[in-house]
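Down below is the structure, laid out as structure tokens.
Note that the structure is a prediction, hence the values are computed from the model and not measured.
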Amino acid sequence: SLGKSCARKLYFFLKGYETKSSKSYLVWGSAWHKIMDTWYKSTEQSEQKFIDSLREGINYYDDNIGDQEPDRLNNRDNLITAFRYYVERYEADPFKLVEGASEQGFQWPLQGTDYFYAGSMDGYIEWNPYGFLVLEHKTTSEYLSDSFIGQWEFSPQVTGYHWYLSKIHE
């Protein structure tokens, strides 16, 4: 199952590389993804949906943070606070997560070549009247500044995800 969940981890395991603990910001970001994945997939009512989603993320965080000292931003309390703020603002999202389209890897053959375009996106949504759109959660260890935000004006990663969606929904 290691190869199915992450081909890169399987490759490193087979090469004999040791797994080191992840930095606190990576653990925090992965915990956030667990929260959001549970949130979007849940059919529960708001309070239970909140509890279940937060539990998934907190359990992941607690299981993976290890003995390291989290930095002042990427800690357990800020994970809870960030999700509370998210729910206050976006409790009733106007879109729906496409079933089976969460945290899925993909590959698409590039016509006339032996190559594939491949990736793994957080998910995609259907939002009427806009159609199918990429759902991409970005977490960072950086402070949010104008220059940091400015780098996202064009993202080849997200553009590639949109290209892939256009292919599967032609």
Look at the side-chain heavy atoms of Ile, Leu, Val, Met, Phe, Trp and Tyr, link any pair under 4.5 Å apart, and say whether Y85 and Y90 land in one connected group. no
Is there a side-chain contact between L54 and I80 (heavy atoms, below 4.5 Å)? yes
Expected output: side-chain Q68 to main-chain I65 donor-acceptor under 3.5 Å: yes
Listing request: all salt bridge (Lys or Arg N to Asp or Glu O under 4.0 Å) pairs with a residue in residues 77-88, at least two apart in sequence or in separate chains. none
Minimum heavy-atom separation for M121 and L165, please, with both atom names. CE-CD2, 4.1 Å
Taking the side chain from W28 and the backbone from N75, do they hold a donor-acceptor pair closer than 3.5 Å? yes
Between L97 and L135, the two heavy atoms sitting closest are CD1-CD2, 3.9 Å
Taken to the nearest 0.5 Å, the spacing of M36 CE from K41 NZ works out to 12.5 Å
How would you list, by chain and number, every residue that makes a side-chain hydrogen bond (donor to acceptor under 3.5 Å, both in side chains) with D52, sequence neighbours excluded? Q48, R55
For Y117, the ring pair (Phe, Tyr, Trp, His ring centres under 6.0 Å) test, sequence neighbours excluded, returns F106, W163
Flag side-chain contact, heavy atom, 4.5 Å: W39 against F50: yes
For the hydrophobic clusters of this structure (ILVMFWY residues joined by side-chain heavy atoms under 4.5 Å, transitively), does one cluster hold both F116 and I168? no
OG-CD1 distance between S42 and I51, expressed to the nearest 0.5 angstrom: 11.0 Å
Are a donor atom and an acceptor atom from the side chains of E56 and Y60 found within less than 3.5 Å of each other? no
Might you point out which heavy atoms bring E126 and V98 nearest each other, and give the distance in Å? N-CG2, 3.9 Å
Determine the minimum heavy-atom distance between Y61 and N74, stating which atoms define it. OH-O, 3.1 Å
Should Y86 and W32 count as side-chain neighbours, where that means a heavy-atom distance under 4.5 Å? yes
Gap separating the CD atom of Q107 from the OH atom of Y164, nearest 0.5 angstrom: 9.0 Å
Rounded to the nearest 0.5 Å, what separation is found between the NZ atom of K167 and the CH2 atom of W108? 7.5 Å
Provide the closest heavy-atom pair for I58 versus R76 in the form atom of the first, atom of the second, distance. CG2-NH2, 2.8 Å
Look at the side chain of T38 and the backbone N and O of K34, then say whether any donor-acceptor pair between them is shorter than 3.5 Å. yes
Tell me the closest heavy-atom pair linking L79 and G57, and the distance in Å. CD2-O, 4.1 Å
Taking the inter-plane angle between the rings of F95 and Y40 on a 0 to 90° scale, is it parallel (under 30°), tilted (30 to 60°) or perpendicular (over 60°)? tilted
